[in-house]
There are 2 protein chains.
Amino acid sequence: MTVSRRATGPGRARGRGVPDATVARLPLYLRILRALAEQGTSTVSSEELAAAAGVKSAKLRKDLSYLGSYGTRGVGYDVAYLVYQVSRELGLTQDWPIVIVGIGNLGHALANYGGFASRGFRVAALFDADPRRVGELVEDHEVLPMGELAPVVGELGAAIGVIATPAGAAQGVCDRLVAAGVRSILNFAPAVLAVPDGVAVRKVDLSIELQILAFHEQRNAVPGPVPDGAGSGPGELVQTGRRSRA
Amino acid sequence: MTVSRRATGPGRARGRGVPDATVARLPLYLRILRALAEQGTSTVSSEELAAAAGVKSAKLRKDLSYLGSYGTRGVGYDVAYLVYQVSRELGLTQDWPIVIVGIGNLGHALANYGGFASRGFRVAALFDADPRRVGELVEDHEVLPMGELAPVVGELGAAIGVIATPAGAAQGVCDRLVAAGVRSILNFAPAVLAVPDGVAVRKVDLSIELQILAFHEQRNAVPGPVPDGAGSGPGELVQTGRRSRA
DNA sequence: CGGTCCTTGTGAACGAACGCACAAAGTCGC
DNA sequence: GCGACTTTGTGCGTTCGTTCACAAGGACCG
Ligand SMILES: NC(=O)c1ccc[n+]([C@@H]2O[C@H](COP(=O)([O-])OP(=O)(O)OC[C@H]3O[C@@H](n4cnc5c(N)ncnc54)[C@H](O)[C@@H]3O)[C@@H](O)[C@H]2O)c1
Ligand SMILES: NC(=O)c1ccc[n+]([C@@H]2O[C@H](COP(=O)([O-])OP(=O)(O)OC[C@H]3O[C@@H](n4cnc5c(N)ncnc54)[C@H](O)[C@@H]3O)[C@@H](O)[C@H]2O)c1
């Protein structure tokens, strides 16, 4: 199915073929590393970093080893240097303009959200199909009509698009984003999107998250004693218990 | 490590030990099944359902097989019956009151969101620490002060809590929710939560999603040709390509 | 009522991810 | 400069998840 992943097996060469599960955790490590840097910590061990991230230290070390050998045995990792390396691997050394389509409840919250800029993302344009929304000023951006989507995306060179429209409109919006040149989409609408090859989609579905929690509520309620731990990783169903630090 | 999962290996007994990966997909199947039911479809094959969900039919069949044998060979699955069975497995036959803490940008959007009720979830109470927010009326709910959290959660019997506060306040809010009796938490704040055993946490982190997309943007941009597909499931890094429809 | 066709359910092979445990590598004290 | 100590990086076994491929089960037709 995939063409040529996994360069050299488990010990794949530096930078090539970082496993999906690892990629999904890197942003978490990065956030913690940045916090450590900000509070003046210059060095951190895999044990400490792993504890802060809620993973086992061996997993963390293996994750980092896919990027290269950036640690010092007997000491740990240099925080600033690791921040740089992880950022580079994730492509955060550059600026990513993003566009948001569907400026309703959720779209407004997203547009107002300050957590983007700090990570190299920049809300560059907002779009909505409703004429009453168009022209509205949200966080120093004017809401633009859908007709402007293609030209503006092209001009900005925006590669990432966020869909915050109702589910029924999502596929149509997605098609227009793709046609305009967007190749990565973050979808908040509860809909399965069909996209051509080469376009990446990630979805955030609140309702699904709640249903998964409901499942565990029911599970823990029915049998009686035994809670139940779960695996780890991005597919980790639920965290159950986590002590320690930071 | 875990106490007694996986009852009988791959062929585990009905209802016992549904794999995490499967549980994470059931809500998606359920949504599609409900849509089919609404449009009058009474029967669906694994092939059709899988296509609508964006998974392989074998995976879908195996997922459903963990719930029992609810299909009819040569025909497919009865939509209404399957909706019931999946709902039951997920614990959606009962009503789940949820509380939201932190009624800022995101909290407002969540409180206004209509997609909850339709799935058996009901926003039962809103809380905020800011005195200026307290008393505000959001979607027929008055925002309550944090002091009310424990008694109200207890009275409502709310088992699910949503955290939409700034990251710095998340752990404290989490502790209070747990102390009040909440055993499932959906966390929107970019923070790793420490919880006692038996409490389930799921996180939704926008910033992480965007960074994963950035990674793939960079990946696809640098090497040149080969796009790159990925696995499937909740841990699926990105969807890449997906044809067809519903 | 028997044959044919269709779709499910699953055994088994494969692959990805995790965790253990340890050797290699470097630091620090003396 | 040497030895003891600390922590990384990773080989290996295990678990979990996905995919293939097919036999078994049932509907439907004649
Ligand atoms: N509000 C939430 O907290 C929340 C939570 C989870 C998921 N969601 C999902 O996010 C999406 C948006 O939710 P919301 O509450 O903001 O809804 P909303 O109705 O407030 O906003 C939707 C916006 O999309 C615009 N729109 C509709 N069709 C469009 C089109 N074809 N092109 C461009 N814009 C279009 C509408 O004009 C509106 O402004 C929905 O799919 C919802 O299910 C929302
Ligand atoms: N706005 C978004 O679109 C968005 C997107 C992704 C993630 N987030 C995250 O969601 C969280 C909320 O974001 P927001 O934009 O709504 O922020 P916000 O500042 O608008 O709202 C935060 C709310 O939490 C309340 N609060 C603060 N401390 C509290 C405490 N100890 N107890 C109870 N309430 C408290 C504040 O009074 C405020 O009303 C943040 O962690 C943010 O990183 C927001």
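Note that the structure is predicted; figures quoted are calculated from it, not measured. The sequence lines fix the lettering, A, B, ..., with proteins before strands; numbering per chain opens at 1.
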Which whole-number value in Å describes the distance from [X] [atom1] to [N] [atom2]?
X       : N      : atom1 : atom2 : result
A/Arg25 : C/dA17 : CZ    : P     : 9 Å
B/Asp20 : C/dA17 : CG    : P     : 16 Å
B/Asp78 : D/dG26 : CG    : P     : 16 Å
B/Leu60 : C/dT8  : CG    : P     : 9 Å
B/Gln85 : C/dG9  : CD    : C1'   : 16 Å
B/Leu64 : D/dT18 : CG    : P     : 14 Å
B/Asp63 : C/dT8  : CG    : P     : 14 Å
A/Leu67 : D/dG9  : CG    : P     : 10 Å

Looking at [X], does any N or O in its side chain come under 4.0 Å of the phosphate oxygens OP1/OP2 on [N]?
X       : N      : answer
A/Ser46 : D/dT8  : yes
A/Tyr77 : D/dG9  : yes
A/Lys59 : C/dC18 : yes
B/Ser45 : C/dT7  : no

Next item on the list: For nucleotides 25-30 of chain C, just jot down a letter per nucleotide in 5' to 3' order: B, S or -, based on protein non-hydrogen atoms under 4.0 Å.
Entry: BSS---
Check: Between B/Thr72 (side chain) and B/Val75 (backbone), is there a donor-acceptor pair under 3.5 Å?
Finding: no
Item checked: Whether A/Glu209 side chain and B/Val204 backbone form a donor-acceptor pair below 3.5 Å ->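 Checked: no pair found.
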Item checked: With A/Tyr81 via ring-ring contact (aromatic ring centres under 6.0 Å, His included) - residues at least two apart ->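 Checked A/Tyr81 against ring-ring contact (aromatic ring centres under 6.0 Å, His included); matches are A/Tyr70.
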Which listed nucleotide ([options]) is nearest to the side chain of [X]?
X       : options                : value
B/Ala58 : C/dC18, D/dC20, D/dG9  : D/dC20
A/Lys56 : D/dT10, C/dG19, C/dG9  : C/dG19
A/Arg61 : C/dG19, C/dC22, D/dC22 : C/dC22

Notebook entry, point to check: What's the shortest heavy-atom distance between B/Gly102 and B/Thr165, and which atoms?
Noted result: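 The pair with the smallest heavy-atom distance is CA-CG2, 3.7 Å.
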Check: Do B/Lys62 and D/dT18 share a donor-acceptor pair, side chain to base, under 3.5 Å?
Finding: no
Check: Hey, which of A/Val79, A/Val83, A/Leu82 is the one that makes side chain to side chain contact (heavy atoms under 4.5 Å, CB included) with A/Leu36?
Finding: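 That would be A/Val79; it is the only one of A/Val79, A/Val83, A/Leu82 passing the side chain to side chain contact (heavy atoms under 4.5 Å, CB included) with A/Leu36.
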Notebook entry, point to check: Does the pair A/Arg219 and B/Glu89 meet the rule for a salt bridge (Lys or Arg N to Asp or Glu O under 4.0 Å), with working shown?
Noted result: CA-CA 9 Å; A/Arg219 239 320 127 65; B/Glu89 185 71 27; 3.5 Å; yes
Next item on the list: Check the pair B/Ser46, B/Arg61 against side chain to side chain donor-acceptor pair (under 3.5 Å), reporting the backbone distance first and the verdict last.
Entry: CA-CA 6 Å; B/Ser46 65; B/Arg61 284 198 300 277; 3.0 Å; yes
